[in-house]
S.K.: 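Pasting a structure below so you can have a look.
Just so it is clear: chains get the letters A, B, ... in the order the sequence lines come, proteins before strands, and each one is counted from 1.
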Amino acid sequence: MNIPAELKYTKDHEWVSIDGDVATIGITDFAQSELGDIVYVEVETVDETLEAEEIFGTVEAVKTVSDLFLPLSGEIIEFNEALEDAPETVNSDPYGAGWMIKVKCSDLSQVEGLMSADDYKALIGA
Amino acid sequence: MKNTALTETHIALGAKMVPFAGYNMPVQYEGVNIEHETVRNAVGVFDVSHMGEFLIEGEHALALIQKVSTNDASKLTIGKAQYSCMPNDNGGIVDDLIIYKIKDEQYLLVVNASNIEKDWNWIQSKNDVGAEMRNLSDEYSLLAIQGPKAIEAMQSLTSHDLSAIKFYAFEIGNFAGIENVIISATGYTGSGGFEIYVKNDDAQQVWDKVFEAGADFGIKPIGLAARDTLRLEMGYCLYGNDIDDTTSPIEAGLGWITKFTKDFTNSEALKAQKENGVTRKLVAFELDERGIPRQGYDIVDAGGNKIGNVTSGTMSPTLGKGIGLGYVPTELSALDSKIHIQIRKNAIPATVVKLPFYKA
């Protein structure tokens with residue numbers, strides 16, 4: 001199971017990469033593997049400002065529909081539109097081309113509440 | 001939870017196991033899409049041993065079957081099978097099933113796993129004619145070997161000419177070194193192939209030999225998730241989704257297996273439905289835009305008013321778009337009718353289409 005050391009994680013199996021006040025967010029290798037073939041990623045919250053823990057989108061595998069929870073409060077400034085035509089990228093490259101959204105964070109102190117790679121590894125028992 | 005004779009084999013193959021109808025079943029091995037494609041283009045094997053098997057025998061066997069089922073089982077000859085359903089007394093469906101005529105005065109009924117006990121009790125309650133009934137569900141395993149290469153891949157395992165067994169016909173004989181195997185040209189995928197009924201003790205040997213024989217044909221094990229996408233692309237009803245205790249066979253588009261040439265449970269009321277028309281019908285639809293319909297989503301009209309519900313839905317692996325089945329008012333059931341599927345905040349436009357979604 002690939003769990004890059006430089007990323008932050010959530011209990012909802014999302015990863016977060018921070019650059020200045022912009023966070024890039026996706027789902028983990030563990031999450032994509034549990035979901036199986038991903039067939040749809042829906043994000044209709046671009047330009048909206050949401051609180052942490054609010055639902056920002058939906059990821060659908062063949063048999064399941066899962067909500068996506070925002071790890072950090074802020075404005076959703078970008079959706080990876082390449083996923084509209086190629087949602088399977090989330091399976092093949094969850095930490096790279098399979099990223100989902102970019103968020104302009106309103107409270108960077110929330111980053112401290114995210115999990116380290118080691119914590120996440122422990123969470124999933126990897 | 002019950003295991004099939006092959007549960008350990010699935011786990012060893014790395015299958016993701018889920019509880020289904022009281023059984024520990026493989027939902028996927030390598031991935032749903034690759035498994036779906038394997039059945040569409042080559043050959044795949046499903047362990048569907050959870051299905052129930054009842055043997056109905058004796059001089060009153062046919063009378064009982066005619067009474068509980070909608071199709072006309074008197075038309076069956078030895079070696080032929082028939083898709084049918086069992087209506088309840090209130091306009092709904094107890095189960096759908098396949099009826100095999102094994103020999104004179106002996107029939108095999110194959111029912112859904114989730115309904116084994118309900119069906120058994122139901123048929124027994126209607127058995128005032130004195131037919132003999134045996135529940136073989138725990139003794140028999142069922143492998144579905146499906147796909148366009150199934151005949152070629154399996155021919156080396158039997159002396160029966162597989163290409164000569166017509167759709168919904170079967171032969172009983174040798175297969176994979178076992179005698180008295182039912183080799184049935186039936187399935188739930190729309191890609192051809194066989195369903196093989198064997199005793200539990202023989203299941204592992206048959207499974208192993210099937211994979212040996214199929215190796216050069218790209219054979220793979222297939223899970224229940226792909227079974228669902230494959231059947232839905234054909235528009236085959238799934239009991240518990242598209243049909244249940246509250247849907248009538250006429251509403252569900254099963255008029256073709258509902259024969260009023262004989263009397264059966266609730267046949268008077270169903271005949272009246274057929275003559276007078278029904279107020280809702282099960283239709284097949286494709287989404288006009290991106291999205292995936294799911295069981296339980298509302299079907300709405302252009303004004304956003306609920307007019308029905310989705311009973312099955314998925315992203316079609318073959319078509320690459322959202323497809324589904326659902327009940328709508330009869331006036332919106334004609335081909336090309338425009339409906340909308342409420343997916344979270346959006347009412348996504350959809351069009352009523354002809355089945356099957358998948359055309360080989």
S.K.: Looking only at heavy atoms, which of residues 1-11 of chain A get nearer than 4.5 Å to chain B?
M.R.: none

S.K.: For A:D67, is it the side chain, the backbone, both, or neither that has a heavy atom closer than 4.5 Å to a heavy atom of chain B?
M.R.: neither

S.K.: What I want to check is whether the side chains of B:N346 and B:E289 have a donor and an acceptor closer together than 3.5 Å.
M.R.: no

S.K.: Quick check with a 6.0 Å cut-off and a 45 degree axis cone: is B:R231 positioned over the face of B:Y236's six-membered ring?
M.R.: no

S.K.: So what's closer than 4.5 Å to chain B heavy atoms on A:E84: side chain, backbone, both or neither?
M.R.: both

S.K.: Among B:D245, B:D244, B:D96, whose side-chain hydrogen bond (donor to acceptor under 3.5 Å, both in side chains) with B:Y239 holds?
M.R.: B:D245

S.K.: Side chains of A:S73 and A:D107: any donor to acceptor distance under 3.5 Å?
M.R.: no

S.K.: For atom CD of A:E51, is the number of surrounding heavy atoms from other residues, nucleotides or ligands below 6.0 Å larger than 12?
M.R.: no

S.K.: Could you look at B:R290 and say if it's the side chain, the backbone, both or neither that has a heavy atom under 4.5 Å from chain A?
M.R.: both

S.K.: Are B:S49 and B:D47 close enough that a side-chain donor and a side-chain acceptor fall under 3.5 Å?
M.R.: yes

S.K.: Over all heavy atoms of both residues, which pair between B:P221 and B:L13 is shortest? Give the atoms and the distance, please.
M.R.: CG-CD1, 4.2 Å

S.K.: Go through the structure and list residues passing side-chain hydrogen bond (donor to acceptor under 3.5 Å, both in side chains) with B:Y29, not counting sequence neighbours.
M.R.: B:H10

S.K.: Could you list the donor-acceptor pairs under 3.5 angstrom formed between side-chain atoms of residues 350-360 of chain B and any protein atom two or more places apart in sequence or on another chain?
M.R.:
| residue | atom | partner | partner atom | Å |
| --- | --- | --- | --- | --- |
| B:T351 | OG1 | B:D288 | OD1 | 2.8 |
| B:T351 | OG1 | B:D288 | OD2 | 3.3 |
| B:T351 | OG1 | B:K338 | NZ | 2.6 |
| B:K359 | NZ | B:P356 | O | 2.9 |

S.K.: Identify which of B:R344, B:H36, B:M315 forms the greatest number of heavy-atom pairs closer than 4.5 Å to chain A.
M.R.: B:R344

S.K.: For A:K104, I'd like to know if atom NZ has over 12 heavy atoms of other residues, nucleotides or ligands within 6.0 Å.
M.R.: no

S.K.: Suppose a student defines contact as a heavy atom less than 4.5 Å from any heavy atom of chain B. Which residues in residues 52-64 of chain A would they list?
M.R.: A:T58, A:E60, A:A61, A:V62, A:K63, A:T64

S.K.: Looking at B:R40 and B:P148, would you say the former's side chain and the latter's main chain have a donor-acceptor pair under 3.5 Å?
M.R.: no

